[in-house]
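A quick write-up on the structure given underneath.
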Amino acid sequence: MWKRKTLHECATELEQISSKFRRAHLGLGYDSEAAKQAALNSSSAEGVEILRILALAIRSEQDQDNIPSIITSVGALNRNFEEDKWAGFRESYAPPPSAIDGFEPLPLREALNKIAHADGPKSGYFADPENHDLILFGKLGNKWWAAIISIPNLCRVVKELPDAPVPTA
């Protein structure tokens with residue numbers, strides 16, 4: 001992993017991590033289950049780190065009017081999700097999220113908010129050769145929500161934004 005300096009570098013690195021994760025999930029190029037699990041674990045941890053960096057940096061830049069808020073969808077959102085259905089939904093999910101009843105388009109900023117506020121243990125993913133979707137659940141007030149975020153679409157939309165530096169730790 002390299003030191004990220006800009007939003008676009010984060011998006012490029014996230015694309016690479018997503019590709020590694022999908023290959024591991026599909027068992028492509030791994031000689032053992034241990035090697036596959038190691039790749040899944042490391043790419044998952046790296047991906048979460050970058051998603052958190054992007055969530056903080058982009059929202060901050062938008063709050064300061066340094067980059068525009070855009071309404072391009074990066075997934076789908078259900079604002080009134082039934083809490084007891086999260087496990088079944090996570091296990092049965094298949095793309096595209098736009099085809100799921102009760103879900104509406106999820107713009108970038110709201111997707112970043114969902115990343116920042118998701119209930120990690122309930123969340124999951126869907127991965128195949130073309131798709132890598134996060135399946136997130138959380139609560140706003142007393143209402144549960146479910147969000148599907150396409151990692152490839154999120155990366156594409158971030159690269160469409162004006163580039164900006166990211167904070168360094």
Heavy-atom pair of closest approach, residues [X] and [Y]:
X: Ala146; Y: Phe81; value: CB-CD1, 3.5 Å
X: Tyr30; Y: Ala24; value: CE1-CA, 3.4 Å
X: Pro107; Y: Ile70; value: CB-O, 4.1 Å

For the backbone of [Y] and the side chain of [X], can you confirm whether one donor and one acceptor N or O come within less than 3.5 Å of each other?
X: Ser43; Y: Ala39; answer: yes
X: Gln62; Y: Ile67; answer: no
X: Asn41; Y: Gln37; answer: yes
X: Asn78; Y: Asn80; answer: yes
X: Ser60; Y: Leu56; answer: no
X: Arg59; Y: Ala55; answer: yes

For Tyr125, the option from Arg22, His25, His132 that meets side-chain hydrogen bond (donor to acceptor under 3.5 Å, both in side chains):
His25
Rounded distance (nearest 0.5 Å) linking atom [atom1] of [X] with atom [atom2] of [Y]:
X: Leu7; Y: Asp163; atom1: CG; atom2: CG; value: 5.5 Å
X: Ile135; Y: Glu91; atom1: CD1; atom2: CD; value: 8.0 Å
X: Leu54; Y: Cys10; atom1: CG; atom2: SG; value: 4.5 Å
X: Phe137; Y: Trp144; atom1: CZ; atom2: CH2; value: 9.5 Å
X: Leu136; Y: Ile115; atom1: CG; atom2: CD1; value: 6.5 Å
X: Leu106; Y: Ile148; atom1: CG; atom2: CD1; value: 9.5 Å

Looking at [X], I want to see if its [atom1] is surrounded by more than 12 non-hydrogen atoms of other residues, nucleotides or ligands under 6.0 Å.
X: Arg156; atom1: CZ; result: yes
X: Asp31; atom1: CG; result: no
X: Ile71; atom1: CD1; result: no

Between Asp63 and Arg109, is there a side-chain N and carboxylate O pair less than 4.0 Å apart?
yes
Under a 4.0 Å threshold between the charged nitrogen and the carboxylate oxygen, would Glu15 count as salt-bridged to Lys159?
yes
Are the side chains of [X] and [Y] in touch, meaning some heavy atoms are under 4.5 Å apart?
X: Ile151; Y: Leu51; value: yes
X: Val166; Y: Lys5; value: no
X: Glu13; Y: Glu49; value: no
X: Arg23; Y: Ser19; value: yes
X: Ser150; Y: Val74; value: no
X: Thr72; Y: Leu108; value: no
X: Pro162; Y: Pro68; value: yes
X: Leu134; Y: Ser123; value: no

After noting the C-alpha distance and the side-chain angles of Glu110 and Arg79, does the key distance pass the salt bridge (Lys or Arg N to Asp or Glu O under 4.0 Å) rule?
CA-CA 11 Å; Glu110 194 161 8; Arg79 297 177 191 278; 2.7 Å; yes
Given the ring of Trp145, does Lys139 sit roughly above its face, with NZ or CZ under 6.0 Å from the centre of the six-membered ring and within 45° of the axis?
no
Are Phe126 and Phe21 linked, directly or through intermediate hydrophobic residues, by side-chain heavy-atom contacts shorter than 4.5 Å (ILVMFWY only)?
no
For this output row, return yes or no: ring centroids of Phe103 and Phe89 closer than 6.0 angstrom.
yes
Kindly indicate, with the supporting measurements, whether the criterion side chain to side chain contact (heavy atoms under 4.5 Å, CB included) is fulfilled by Gln16 and Glu46.
CA-CA 10 Å; Gln16 293 169 353; Glu46 293 166 1; over 6 Å; no
